[in-house]
Trainee: 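Quick one: this structure, given as structure tokens, is what I'll be asking you about.
Every heavy atom of this structure was used, including side-chain atoms; hydrogens, water molecules and symmetry mates were not. Chain naming here is simple, since letters A, B, ... match the order of the sequence lines and numbering starts at 1 in each.
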Protein chains: 2
Amino acid sequence: MSTDDGSPAGEGGAPRLGRRPSTTQAELSHVALTLFAERGFDDTTVDDIAAAAGIGRRTFFRYFASKNDLPWGDFDAQLDRMRAYLDSLPDDLPLMDAVCASVIEFNRIPPEEVPWHRQRMRLLLGVPALLAHSTLRFQAWRDVVAEYAARRLGVPADSLEPQALAWTMLGIALAAYEQWLVHEDADLTELLESALRMLGERFAS
Amino acid sequence: MSTDDGSPAGEGGAPRLGRRPSTTQAELSHVALTLFAERGFDDTTVDDIAAAAGIGRRTFFRYFASKNDLPWGDFDAQLDRMRAYLDSLPDDLPLMDAVCASVIEFNRIPPEEVPWHRQRMRLLLGVPALLAHSTLRFQAWRDVVAEYAARRLGVPADSLEPQALAWTMLGIALAAYEQWLVHEDADLTELLESALRMLGERFAS
DNA sequence: CTTCCATTCGGCACTGGGTGCCATTAGTAT
DNA sequence: ATACTAATGGCACCCAGTGCCGAATGGAAG
């Protein structure tokens, strides 16, 4: 995914060589999300999406490796943002504080994008096929957390402690998301904070 | 899954009426696991499995809803075991102790089944398609934990606290499993214990 | 033994996601 | 105009999964 498919039609700098891409991931994603909202995920075929976007079915699969990837946009860019945030934190900040802060920061969303993001997440966590596929994305997210924790702890990234920490953080975040989707008026940041706080209290026993 | 597909060929009680099933989930699962070990999951088609088991492709899908379900056996029975174990614990045992104990108990495996279980889990966590599909099974597991926690806490099962706890426990268990798969000589119970212990220490900060 | 009924089997055709191949199209540079 | 580059999209193909329906297999009732 990410932007290595050479598609950012328009600016970028490179004077373009060869035929220009006829669309973008973002546009395809948008078209698809609209269709999903109308007919539902399962009742929307890739042909429908390609037709609605005015491209061939074969071309669709050059922009997205699978139908399941549509709601994700370019997650890799988000991961880079998270990595950068973690690296910007001072090393004397306790590990748990750093990780908790980054989870909160990663999931901070501008108010105007809340409805949009809500729809995306409702899809991702509500449609079984998408929830299953999401696991693979979450794995990449966990790796970011685990690598940071491993560096701070001075242990390999694939050892128990960073991995367990990363899994835990993912779990907490998803539990908060589920609440957020159910309660229309809830604030995601607050939910994340209380989930994290709860974890600390519960384990203090 | 479970046993509602009416296939437990042999005993059961009901004197059988109509044609008898020509195989069982267990046998199919066994045949499939063997093929997976030889050729790999992705390079084994459903036709291969059906042929190896001596049944028609169409019949295969009456025993398993999908190819992805093959390595799972009857997970529902395991979940019932877990529920029963949780219910058997005294109510004055602190919640966290109860949950931790049940995670450990759920993943206790007889020594003779270790190699078998290892292969199954290596498949489930190593093949992307299976890992993704597993999410749906893990959801059922999480529900068991969340329902118990909710009862102990006197809150709805879909509220934040039980859900976050369940997610966390799943994460810890999976982190331990990953270590177990990497280290051939490791003991799963010990890994689970140290992962749980670590979580407590880390959050005590 | 024959008839009836229940249940499983499995072939066939079809949908839908995903891929490899390759000619075509649309651009830039010379 | 020519050459080169990169994206497009049609076509054929593979595989998972489903609906339909007739055929096979068994027990029970006549």
Side-chain angles (χ1 to χ4, degrees), chain A residues 1 3-25 27-28 32 35-36 39-72 127-130 132-133 136, chain B residues 1 3-25 27-28 32 35-36 39-72 127-130 132-133 136:
Chain A
M1 279 318 82
T3 40
D4 53 51
D5 318 28
S7 325
E11 28 288 299
R16 289 268 89 244
L17 186 59
R19 181 174 181 168
R20 249 157 316 192
S22 51
T23 184
T24 58
Q25 291 114 298
E27 186 165 326
L28 271 183
L35 289 180
F36 292 162
R39 289 180 243 174
F41 181 81
D42 291 326
D43 290 335
T44 305
T45 69
V46 170
D47 294 80
D48 293 337
I49 300 165
I55 63 172
R57 164 196 173 73
R58 190 62 186 82
T59 301
F60 169 87
F61 284 107
R62 289 211 181 80
Y63 285 85
F64 286 93
S66 85
K67 182 185 170 186
N68 291 331
D69 285 318
L70 279 166
W72 281 96
V127 176
L130 290 178
H133 185 75
L136 307 177
Chain B
M1 282 313 86
T3 42
D4 52 51
D5 318 24
S7 325
E11 27 289 298
R16 288 266 90 246
L17 186 58
R19 181 175 181 167
R20 250 158 315 190
S22 52
T23 185
T24 58
Q25 289 116 297
E27 186 164 328
L28 271 184
L35 289 180
F36 292 162
R39 289 180 243 174
F41 181 81
D42 291 327
D43 290 335
T44 306
T45 69
V46 171
D47 294 80
D48 293 337
I49 301 165
I55 62 172
R57 164 195 172 72
R58 189 62 186 81
T59 302
F60 169 87
F61 284 108
R62 290 212 180 80
Y63 285 85
F64 285 94
S66 86
K67 182 185 170 187
N68 291 331
D69 285 319
L70 279 166
W72 280 97
V127 176
L130 289 177
H133 185 75
L136 308 177

Trainee: Rounded to the nearest Å, what distance is computed from the CZ atom of residue A:Phe60 to the P atom of nucleotide D:dG10?
Mentor: 15 Å
Trainee: Take the protein atom CZ of A:Phe41 and the nucleotide atom P of C:dG16, then report the distance between them rounded to whole Å.
Mentor: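 Spelled out: CZ on A:Phe41 to P on C:dG16 is 13 Å.
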Trainee: Is the phosphate of C:dC9, meaning OP1 or OP2, less than 4.0 Å from a side-chain N or O of B:Tyr63?
Mentor: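 Checking B:Tyr63 against C:dC9: at least one side-chain N or O falls below 4.0 Å of OP1 or OP2.
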Trainee: Rounding to a whole Å, what distance do you find between A:Asn68:CG and C:dG16:C1'?
Mentor: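 Going from A:Asn68 (CG) to C:dG16 (C1'), I get 12 Å.
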Trainee: Round to a whole Å and report the spacing from CZ of B:Phe61 to P of D:dC15.
Mentor: 12 Å
Trainee: Using every non-hydrogen atom in the two residues, find where A:Leu136 and B:Pro128 come nearest and quote the distance to one decimal.
Mentor: CD2-O, 3.8 Å
Trainee: Using a heavy-atom cut-off of under 4.0 Å over every strand shown, decide if B:Arg58 touches base, sugar-phosphate, or nothing.
Mentor: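 Since a base atom lies under 4.0 Å of B:Arg58, the category is base.
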Trainee: With a 4.0 Å cutoff (strictly under), does any side-chain N or O of A:Thr59 reach OP1 or OP2 of D:dG9?
Mentor: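 The answer is yes; a side-chain N or O of A:Thr59 sits under 4.0 Å from OP1 or OP2.
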Trainee: Can you check the A:Asp47 CG to C:dG18 C1' distance for me, whole Å?
Mentor: 12 Å
Trainee: Within the sub-3.5 Å range, which N or O atoms of nucleotides 2-5 of chain D have a protein N or O partner, and how far apart are they?
Mentor:
none

Trainee: If you look at every heavy atom in A:Asn68 and A:Pro71, which pair is closest and at what distance?
Mentor: O-CD, 3.3 Å
Trainee: From A:Arg62 CZ over to A:Thr23 OG1, what is the distance, rounded to the nearest 0.5 angstrom?
Mentor: 14.0 Å
Trainee: In this structure, how many angstroms lie between the P atom of C:dG27 and the CZ atom of A:Arg20, rounded?
Mentor: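 Checked: the CZ to P distance equals 5 Å.
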Trainee: Check B:Ile49 against B:Phe60 and note the closest heavy-atom contact, atom names and distance.
Mentor: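 Of all heavy-atom pairs spanning B:Ile49 and B:Phe60, the closest is CG2-CE1, 4.1 Å.
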Trainee: Rounded to the nearest angstrom, tell me the gap between atom CZ in B:Arg62 and atom P in D:dG17.
Mentor: 15 Å
Trainee: Run the side-chain contact (heavy atoms from CB on, under 4.5 Å) check on B:Phe41 and B:Leu70 step by step: do they pass?
Mentor: CA-CA 10 Å; B:Phe41 181 81; B:Leu70 279 166; 5.9 Å; no
Trainee: How long is the line joining CD1 of B:Ile49 and P of D:dC15, in whole Å?
Mentor: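 Interatomic distance, CD1 of B:Ile49 to P of D:dC15: 12 Å.
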Trainee: Hey, is the side chain of A:Ser22 poking within less than 4.0 Å of OP1 or OP2 on D:dT8, counting only N and O atoms?
Mentor: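 Looking at the OP1 and OP2 atoms of D:dT8, one of them is under 4.0 Å from a side-chain N or O of A:Ser22.
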Trainee: I want to confirm an ordering. Mapping B:Asp42 and A:Gly56 to their closest nucleotides on DNA chain D, which one lands closer to the 5' end?
Mentor: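 Counting from the 5' end, the first nearest nucleotide belongs to A:Gly56.
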Trainee: Counting heavy atoms from C-beta on, name the nucleotide in D:dA16, C:dG16, C:dG18 closest to the side chain of A:Lys67.
Mentor: C:dG18
